[in-house]
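Before any comments, here is the structure.
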Protein chains: 4
Amino acid sequence: MALQVGILGATGAVGQRFIQLLEDHPTFELAAVTASESSAGKRYGDAAKWRVNTPIPNDVAEMEVGRTDPADVPDDIDLLFSSLPSSVAAEVEPEFLEAGYVVSSNSSNDRMAPDVPLTIPEINPGHLDLIEVQRDERGWDGALVKNPNCSTITMVPTLAALDQFGLDRVHVTTLQAVSGAGYDGVTSMEIIDNAIPHIGGEEAKMESESRKLLGTFDGAELALHDAEVNASCNRIPTLDGHLESVFADLKEDASPEDVAAAMRDYPGIDLPSAPEQLIHVFEDDFRPQPRLDRERGDGMQISAGGIQATDRGVKYNCLAHNTIRGAAGASVLNGELLAEEGWI
Amino acid sequence: MALQVGILGATGAVGQRFIQLLEDHPTFELAAVTASESSAGKRYGDAAKWRVNTPIPNDVAEMEVGRTDPADVPDDIDLLFSSLPSSVAAEVEPEFLEAGYVVSSNSSNDRMAPDVPLTIPEINPGHLDLIEVQRDERGWDGALVKNPNCSTITMVPTLAALDQFGLDRVHVTTLQAVSGAGYDGVTSMEIIDNAIPHIGGEEAKMESESRKLLGTFDGAELALHDAEVNASCNRIPTLDGHLESVFADLKEDASPEDVAAAMRDYPGIDLPSAPEQLIHVFEDDFRPQPRLDRERGDGMQISAGGIQATDRGVKYNCLAHNTIRGAAGASVLNGELLAEEGWI
Amino acid sequence: MALQVGILGATGAVGQRFIQLLEDHPTFELAAVTASESSAGKRYGDAAKWRVNTPIPNDVAEMEVGRTDPADVPDDIDLLFSSLPSSVAAEVEPEFLEAGYVVSSNSSNDRMAPDVPLTIPEINPGHLDLIEVQRDERGWDGALVKNPNCSTITMVPTLAALDQFGLDRVHVTTLQAVSGAGYDGVTSMEIIDNAIPHIGGEEAKMESESRKLLGTFDGAELALHDAEVNASCNRIPTLDGHLESVFADLKEDASPEDVAAAMRDYPGIDLPSAPEQLIHVFEDDFRPQPRLDRERGDGMQISAGGIQATDRGVKYNCLAHNTIRGAAGASVLNGELLAEEGWI
Amino acid sequence: MALQVGILGATGAVGQRFIQLLEDHPTFELAAVTASESSAGKRYGDAAKWRVNTPIPNDVAEMEVGRTDPADVPDDIDLLFSSLPSSVAAEVEPEFLEAGYVVSSNSSNDRMAPDVPLTIPEINPGHLDLIEVQRDERGWDGALVKNPNCSTITMVPTLAALDQFGLDRVHVTTLQAVSGAGYDGVTSMEIIDNAIPHIGGEEAKMESESRKLLGTFDGAELALHDAEVNASCNRIPTLDGHLESVFADLKEDASPEDVAAAMRDYPGIDLPSAPEQLIHVFEDDFRPQPRLDRERGDGMQISAGGIQATDRGVKYNCLAHNTIRGAAGASVLNGELLAEEGWI
């Protein structure tokens with residue numbers, strides 16, 4: 001039987017992606033959408049300025065938008081996805097958790113909180129058990145799980161694959177798509193024939209979130225991975241797909257072939273939205289490219305390529321679809337893990 | 001009195017930039033242009049598909065294009081600039097040197113040869129004395145000086161400024177403009193809404209040339225700098241201006257303020273095409289940006305910004321105009337140094 | 001039972017689109033691919049530089065590329081698609097026709113020949129009977145049918161819908177995607193932050209082909225439509241999808257609502273690759289847009305919008321996918337019509 | 001002696017262009033800048049987010065921003081330029097006129113008012129005498145002159161040149177740059193790999209303003225030109241420079257050569273910001289192009305090309321820099337005409 005799900009902040013860019021990804025979902029059935037006060041009470045089709053490249057599902061267009069308030073969300077909702085602005089989420093998510101809802105959130109608040117699991121199902125599913133700690137500490141009936149930032153999620157699967165050779169130090173530079181800033185985030189005057197060498201807060205997210213994702217949880221406490229991670233973030237004129245150049249120092253010897261094999265063989269997970277293979281490794285040095293490769297695995301597969309030896313490890317490029325694997329798809333996958341593991 | 005100069009390979013993209021930069025030059029007077037067999041004998045205005053954004057100078061349009069052969073170049077030429085394809089240059093440049101010409105070349109052949117000075121006048125003018133070694137070893141009457149690759153020249157001035165704190169290890173990722181590949185080098189189908197994570201041979205050039213530029217010449221032999229340099233090169237949809245993200249490990253402590261000061265105060269040089277200040281440092285983390293900053297100092301100034309501390313040094317961004325400071329302008333500046341130092 | 005089809009000029013951009021469109025075709029089975037001498041004898045996967053955004057079908061990758069010569073194509077091929085360069089096609093297509101092959105060609109040669117049907121199946125299927133005239137005059141056993149140029153096919157369905165109000169005079173300006181010039185046709189240096197106000201030969205094609213498509217065939221001779229058509233063609237920085245601004249003078253009164261209804265209700269055709277509705281009409285003046293609307297109907301539907309009254313008729317915008325509806329898809333649809341009408 | 005000028009709405013995109021154009025102006029001296037309440041009282045350098053590609057003049061950076069209110073502007077200002085949003089201008093400009101100021105305004109309000117001169121100095125300088133009518137009717141001591149919309153001004157000089165052959169009917173389609181919508185007007189998600197077939201209100205402006213500009217003023221009343229003008233407006237991914245495809249029906253015979261000569265020979269005007277030649281006509285059908293030609297005549301020259309005969313006249317392309325000749329530069333030129341004619 002289908003699980004009833006809702007979306008907090010359903011009218012925005014990520015909210016629309018949630019609706020698209022849930023349209024034919026095998027186990028989740030969309031039953032509630034919320035937005036800000038000004039949209040509440042409206043037909044979703046009227047409240048949202050639909051911009052996704054597939055038509056708005058008819059039944060969703062007819063749904064009434066509720067307020068983003070536990071009182072306005074049906075009690076029988078099994079799972080809520082959150083794509084609220086982080087400042088709003090920081091206020092509202094705790095109210096939903098107190099009210100007993102389980103929330104899979106893409107918002108950036110609380111990602112580094114010691115009792116909030118930050119998970120990529122293929123990488124650290126065991127961190128989900130932090131929910132026990134969370135419930136103990138916060139006294140919530142519900143549960144909050146977060147997925148990482150889009151730029152973090154693009155590289156962490158490749159770093160996890162490398163960690164069998166002792167991940168020591170990472171230097172990563174990103175070439176990020178404009179959709180990462182939201183529909184209105186980057187004006188055309190800013191980015192045509194240009195690039196912007198800074199994205200506010202992004203580097204700190206990559207440096208901290210990656211160490212949490214690769215960290216170890218002993219049932220009581222989560223220890224960050226001890227690798228040193230240095231990030232530099234850039235915006236370029238691409239629509240979707242974050243490309244990243246990674247240099248990784250390794251404690252053990254590993255040839256480019258070893259590294260390619262480790263990435264290709266990194267185990268996937270058996271969940272509806274997960275790609276069959278987590279990481280596709282290209283032989284062709286000119287790949288991955290954002291426009292050609294962002295849709296692999298319905299936007300959920302990570303791509304890597306250009307693996308070469310350096311003095312102390314390897315360098316390579318990786319890519320993921322920032323609004324699917326890097327946002328809405330990440331939350332949906334976490335929701336599927338919550339269901340699989342019996343949390344909902 | 002003006003020095004007579006010529007351009008080998010004058011019809012191509014870099015050749016056209018040479019013509020533009022020489023148009024109102026205070027000491028160089030363009031007296032000869034050469035091109036491939038198929039253009040020889042034609043009026044320059046007919047032979048070249050002019051694409052620079054200033055009009056073709058009338059007197060140059062009327063010049064007759066010569067063959068790229070010492071026999072076809074007037075004897076009283078004081079200096080030749082070369083923007084030949086490197087495979088052609090590897091064959092032809094030695095013929096000109098044997099014939100006694102002084103050549104300031106942008107072509108990539110022989111840049112790492114131990115007896116060929118690879119110079120940026122502000123950084124390593126003393127390397128010019130390698131010409132003595134060159135003449136001894138090769139028996140040439142002429143002299144050959146090279147300027148580095150456009151992606152190398154963008155970062156090396158900043159690394160030179162950092163070296164007072166003991167440059168130890170560098171990780172650099174480039175976001176390079178399409179003009180770097182020549183007018184027809186990157187098709188629109190390849191790069192619109194896209195990025196390409198590889199540029200053939202570029203990473204090796206950055207890794208080796210930078211160590212030669214920062215190396216020391218004792219009058220007999222040139223020792224490469226011992227810093228470890230790791231590069232990853234990307235093409236993005238910008239027209240001009242290479243942007244680079246640099247992580248530099250330093251042996252000594254240096255705050256971002258120290259680094260900014262070292263860059264700002266790095267001495268310039270008193271040559272006609274040199275910018276007053278070699279490196280402009282932005283306070284604004286969102287700068288430098290290719291479209292906004294590539295024309296600084298008539299395309300000859302380096303820009304830097306976003307300087308931040310890392311665990312073992314600093315990270316920052318830098319930018320230069322790839323076809324001016326990174327190509328034709330670099331050769332012209334080397335020519336001016338040759339004149340200043342009395343080699344011509 | 002499936003019909004055996006082949007592709008002449010299978011390695012190019014349009015040839016690759018043919019392969020993509022034929023991959024799961026219900027009635028056509030790809031049995032032969034040809035290319036130029038230099039590719040003949042190779043595995044298709046090695047001969048073609050695959051650039052379409054879906055993977056190359058395995059069985060096609062393994063096919064051996066034949067020479068573009070009747071002697072090299074199996075006799076039992078029912079239908080050949082041609083995407084040869086028009087200069088090559090002008091020489092080679094007649095050889096295939098003499099040899100008895102039926103050819104559905106996207107090449108621009110002979111489109112205006114009085115005995116060659118130029119067809120869009122939804123618009124002028126009856127013109128196919130010109131094949132009888134063609135066989136009489138040329139003595140061919142085969143049959144040659146052409147589809148129009150991509151910029152022509154984008155507007156003609158809308159003009160056909162308007163013709164019930166007496167199409168009198170047309171002024172059309174195109175905003176064409178770079179893919180229309182082939183993969184290497186437009187360099188990035190030409191088109192980023194730019195537009196090009198001319199496409200060689202394109203305006204003449206639109207002006208003549210549209211009058212032939214809308215003309216009448218009495219069984220013996222084809223009379224061009226007497227509307228006056230004026231075209232101005234521009235290239236802009238979009239990847240796929242030609243957008244066109246049309247002004248149409250009409251002999252009879254027609255409100256924008258009448259025109260919208262005429263377009264929406266224009267009959268489609270029951271063929272495998274035909275869209276259910278030929279023309280989608282947007283209410284929103286800001287549509288159609290190339291990136292958002294080019295994929296409608298799997299790239300085979302025409303979009304229109306912004307219909308407004310003028311002093312003597314209407315103005316509106318229309319859009320189609322130039323390499324699907326405007327090239328390979330057009331030829332496939334003509335092939336389906338040939339099969340339906342019993343010519344193969 | 002220099003005339004003292006001020007700018008109403010000085011912090012916006014057009015306001016910044018005014019400052020850039022006035023920097024080295026031979027007769028105007030910038031003495032006052034105003035902006036909205038929130039910027040009033042601040043240093044201009046702090047109030048404006050400077051985005052023009054030349055540095056902000058030091059003295060302007062230090063000026064104090066005043067409120068946009070006659071009481072806040074020095075009495076001895078000779079001329080005010082206005083780049084206020086049209087809704088604000090509609091309210092505020094009359095207050096300045098009542099207070100006796102002379103205003104050269106780029107705002108779109110009142111452009112079609114029968115007693116407000118809408119002028120391009122080279123085209124209809126005599127319309128300036130409408131100021132007498134204006135003063136009579138409104139009782140203002142000041143004077144208000146408007147310049148047309150950027151898309152109008154791009155084509156009207158060419159139409160004026162054609163009018164010697166009896167301009168009868170015009171169909172124009174625009175390919176407009178994103179800067180026309182202001183710095184934040186078009187998001188990158190809207191326009192990368194795309195085009196937008198509608199710009200609110202733009203077509204009506206082109207259709208009416210052009211007939212006023214080409215109309216005749218008998219000293220008492222202004223009669224619109226009787227040509228029929230039909231416009232279709234599109235936004236494309238270029239930064240600056242509007243390109244337009246024009247079809248013009250003419251009452252008299254005129255060959256493309258006649259038309260080219262008429263454009264080339266159309267008289268300029270002797271004012272500081274006017275280009276030497278009003279219209280540059282290209283022989284090359286592939287010109288004008290926005291990126292290559294928008295800066296001609298410091299952004300004040302109109303370019304045309306691709307002139308060809310049609311059944312009833314000619315077709316051609318034209319181009320102008322939309323934020324210089326099409327906005328700030330247009331107002332400055334009108335200001336120079338006001339000075340020349342003795343209105344200030």
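Quick note: numbers below take in every heavy atom, side chains included, and nothing from hydrogens, waters or symmetry partners. Quick note on labels: first sequence line is chain A, next is B, and so on, each numbered from 1.
Of all heavy-atom pairs between D:Lys315 and C:Glu203, the closest is NZ-OE1, 2.8 Å. Of all non-hydrogen atoms in D:Ala195 and C:Pro290, the two that sit nearest each other are O-CD, 3.3 Å. Considering all non-hydrogen atoms of both residues, C:Asp285 and D:His198 come closest at O-CB, 3.2 Å.
With a threshold of 4.5 angstrom between heavy atoms, C:Glu207 approaches chain D through side-chain atoms but not through N, CA, C or O. Residue contact with chain C, scored on non-hydrogen atoms closer than 4.5 Å, involves the side chain of D:Asn317 exclusively. Proximity to chain D is absent for every atom of C:Arg235, based on heavy atoms less than 4.5 angstrom apart. For a residue to count as touching a neighbouring chain, one of its non-hydrogen atoms must lie under 4.5 Å from one of that chain's; by this rule C:Asp193 touches chain D with backbone and side chain alike. Residue contact with chain C, scored on non-hydrogen atoms closer than 4.5 Å, involves the backbone of D:Asp240 exclusively. At a 4.5 Å heavy-atom cutoff, the contact between C:Leu239 and chain D is made by backbone and side-chain atoms alike.
Of the listed residues C:Ile192, C:Ile191, C:Asp284, the one with more heavy-atom pairs under 4.5 angstrom with chain D than any other is C:Ile192. Of the residues considered (D:Pro197, D:Cys233, D:Ser245), D:Pro197 shows the highest number of contacts with chain C, using heavy-atom pairs under 4.5 Å. Of the listed residues (C:Gly200, C:Pro288, C:Gly306), the one with the most heavy-atom contacts under 4.5 Å to chain D is C:Pro288. Ranked by heavy-atom pairs under 4.5 Å with chain D, the list C:Ile199, C:Asp311, C:Ile236 is led by C:Asp311. Here C:Leu175 is the residue among C:Val178, C:Val172, C:Leu175 with the most heavy-atom pairs under 4.5 Å with chain D. Interface remark: of the candidates D:Asn234, D:Thr310, D:Val246, D:Asn234 forms the most heavy-atom pairs closer than 4.5 Å to chain C.
Legend: residues meeting salt bridge (Lys or Arg N to Asp or Glu O under 4.0 Å) with C:Glu228, ordered by chain and number and at least two apart, are C:Arg169, D:Arg312.
Here the straight-line distance linking atom CG of C:Asn230 with atom CG of D:Asp249 works out to 8.0 Å at 0.5 Å rounding. Note that CD of D:Gln289 and CD of C:Glu190 are 7.5 Å apart. Values are rounded to the nearest 0.5 Å.
The shortest distance between side-chain heavy atoms of D:Ser232 and C:Thr173 does not fall below 4.5 Å.
The neighbour count for C:Gln164 CD, taken as heavy atoms of other residues, nucleotides or ligands under 6.0 Å away, is above 12. Other residues, nucleotides and ligands contribute over 12 non-hydrogen atoms within 6.0 Å of the CG atom of C:Asp265. Remark: D:Asp253 CG is loosely packed, at most 12 non-hydrogen atoms of other residues, nucleotides or ligands lying under 6.0 Å away.
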